[in-house]
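As a basis for the values below, the full set of heavy atoms in this structure was taken, side chains included, without hydrogen atoms, waters or symmetry mates.
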Amino acid sequence: MTQETLQELLVEQLRDIYDAEKQLVKALPKLAKAAENEDLVEALREHTSVTEGQVGRLEQVFGIVGAPAKGKACKGMKGLLEEGNETVQQEDKGEMRDLAIIAAAQKVEHYEMSAYGTIRTLAEQLDLSDAVELLQQTEEEEKEADSRLTDVAVSIYESAMDEDEEDEDEEEEEEEEEDQPAPTATTKSKGSAGGKTRTAR
Ligand code: FE
Ligand code: ZN
Ligand code: FE
């Protein structure tokens, strides 16, 4: 194995992730539009501009390696985005769709993290320290995006749980009211639709 073959491998990998990032610059705003949760919308929008920066950084890396900045269709990213869109479109706008968007976006971030990890290691082997630094910056940004998505997911889960608990509390209260001998029984209308009786407050 020569330095040259390693360098060729590096360029191949760069072309793949370069195309993947460009796909994302187009896809992320669409996901942001489909999202409802404000933190999620904000995270996706912000990561769009971060991604634009990553494209620029890759162009710098191409420069360091001495190869033209040229992408090669990344089928992996294409597949992740297609599958993600499919799941997202199955849900109406709201919590469930937001969670589907997060699931898709996190798969994307993990794909990128693995790609950058591999490329950074290759660049280290080739003593391209400036490239290593650039690649590391992007890798950090991907990790940050991933953990931010986890935070949003947790906040959605927690608010959903809270709502469930409130519903349960209300149900319990209603049951208690029904158990009590109702003092307003005489004024209650009988046979109301749904059979639910309300005590006057
Ligand atoms: Fe990226
Ligand atoms: Zn790829
Ligand atoms: Fe990313």
Side-chain angles (χ1 to χ4, degrees), residues 12-62 69-123 131-164:
E12 273 300 299
Q13 296 295 320
L14 282 172
R15 287 188 174 147
D16 180 81
I17 195 70
Y18 186 57
D19 180 79
E21 296 285 21
K22 283 185 157 185
Q23 289 184 46
L24 279 174
V25 170
K26 289 184 197 158
L28 286 170
K30 290 179 192 164
L31 288 178
K33 248 188 201 166
E36 183 178 71
N37 182 288
E38 274 172 34
D39 292 336
L40 179 56
V41 173
E42 184 55 31
L44 292 166
R45 283 202 189 131
E46 212 177 291
H47 199 61
T48 307
S49 57
V50 166
T51 302
E52 281 165 354
Q54 295 174 346
V55 170
R57 225 177 259 142
L58 281 172
E59 284 160 2
Q60 280 179 264
V61 176
F62 276 113
K70 229 174 68 186
K72 184 183 173 222
C74 175
K75 291 175 190 163
M77 185 57 71
K78 190 166 175 257
L80 284 176
L81 291 173
E82 275 174 8
E83 193 178 289
N85 279 329
E86 223 176 271
T87 350
V88 167
Q89 277 162 17
Q90 278 167 16
E91 306 288 349
D92 291 328
K93 202 165 194 166
E95 280 170 349
M96 288 310 292
R97 179 186 274 186
D98 286 347
L99 291 172
I101 291 171
I102 292 171
Q106 286 196 295
K107 283 179 186 171
V108 163
E109 294 313 317
H110 282 242
Y111 178 95
E112 293 184 294
M113 277 151 60
S114 75
Y116 280 106
T118 300
I119 298 169
R120 182 197 15 94
T121 306
L122 252 171
V132 170
E133 207 174 298
L134 290 163
L135 294 163
Q136 228 154 21
Q137 281 173 35
T138 296
E139 209 180 326
E140 286 308 313
E141 288 172 351
E142 311 296 27
K143 284 182 192 166
E144 216 177 282
D146 178 55
S147 80
R148 196 167 161 188
L149 289 166
T150 299
D151 290 346
V152 180
V154 169
S155 81
I156 293 175
Y157 295 141
E158 281 174 355
S159 81
M161 303 289 193
D162 286 348
E163 275 168 28
D164 279 354

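Sorted by first and then second residue, the salt bridge (charged side-chain N to carboxylate O under 4.0 Å, His left out) pairs with a member in residues 33-48 read E46-R148; sequence neighbours excluded. Applying the ring-ring contact (aromatic ring centres under 6.0 Å, His included) test to residues at least two apart or on different chains, the pairs with a partner in residues 12-59 are Y18-F62.
Note that the CD atom of E140 and the CE atom of M113 stand 9.5 Å from one another [nearest 0.5 Å]. Atom CG in L58 sits 7.0 Å away from atom CD1 in I119 (nearest 0.5 Å). The CD atom of E141 sits 9.0 Å away from atom OH of Y116, with the distance rounded to the nearest 0.5 Å. Interatomic distance, OH of Y157 versus CD1 of I102, reported as 7.0 Å (0.5 Å rounding). To the nearest 0.5 angstrom, I17 atom CD1 is 13.0 Å from K22 atom NZ. For the atom pair NZ (K75) and CG (D16), the distance works out to 10.5 Å, reported to the nearest 0.5 Å.
Q137 meets the side-chain contact (heavy atoms from CB on, under 4.5 Å) test with R57, E133; sequence neighbours excluded. For A104, there are no side-chain contact (heavy atoms from CB on, under 4.5 Å) partners at least two apart in sequence or on another chain. For S49, the side-chain hydrogen bond (donor to acceptor under 3.5 Å, both in side chains) criterion is met by no residue, not counting sequence neighbours. Remark: D146 engages Q106, H110 in a side-chain hydrogen bond (donor to acceptor under 3.5 Å, both in side chains) (not counting sequence neighbours). Every residue meeting the side-chain contact (heavy atoms from CB on, under 4.5 Å) condition with E163, not counting sequence neighbours, appears here in chain and number order: E95. By the side-chain contact (heavy atoms from CB on, under 4.5 Å) test, K72 is found to be paired with E12, R15, residues two or more places apart in sequence or in another chain being considered. Partners of E82 according to the salt bridge (Lys or Arg N to Asp or Glu O under 4.0 Å) rule, which considers only residues two or more places apart in sequence or in another chain, are K78.
Between the side chain of Q23 and the backbone N or O of C74 there is at least one donor-acceptor pair closer than 3.5 Å.
In this structure, K70 places its NZ atom where only 12 or fewer heavy-atom neighbours from other residues, nucleotides or ligands lie under 6.0 Å away. Within a 6.0 Å radius of CG in D92, other residues, nucleotides and ligands contribute 12 heavy atoms or fewer.
Shown are T150, I156, L149; of these, the side chain to side chain contact (heavy atoms under 4.5 Å, CB included) with V152 is made only by I156.
What you find for P29 and T48 is that their closest heavy atoms are CG-CG2, 3.8 Å. Nearest heavy atom pair, residue L44 against residue A35, reads CD1-CB, 4.4 Å. Taking both residues in full, the closest heavy atoms of V41 and A32 are given as CG2-O, 3.7 Å, listed atom of the first, atom of the second, then distance. Annotation for E59 and A69: closest pair CG-CB, 3.9 Å, computed over non-hydrogen atoms.
Using a 4.5 Å heavy-atom threshold, the side chains of L28 and V108 count as separate. Side-chain contact between D98 and I101: present, with at least one pair of heavy atoms (C-beta onward) separated by less than 4.5 Å. Contact of the E112 side chain with the M77 side chain is registered, since non-hydrogen atoms from C-beta on lie closer than 4.5 Å. Two residues are said to be in side-chain contact when any heavy atoms from C-beta on lie closer than 4.5 Å; L134 and T138 fail this criterion.
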Table please: side-chain donor-acceptor pairs of residues 83-90 below 3.5 Å, with sequence neighbours left out.
{"residue": "N85", "atom": "ND2", "partner": "L81", "partner atom": "O", "Å": "3.3"}
{"residue": "T87", "atom": "OG1", "partner": "E83", "partner atom": "O", "Å": "2.7"}
{"residue": "T87", "atom": "OG1", "partner": "G84", "partner atom": "O", "Å": "3.3"}

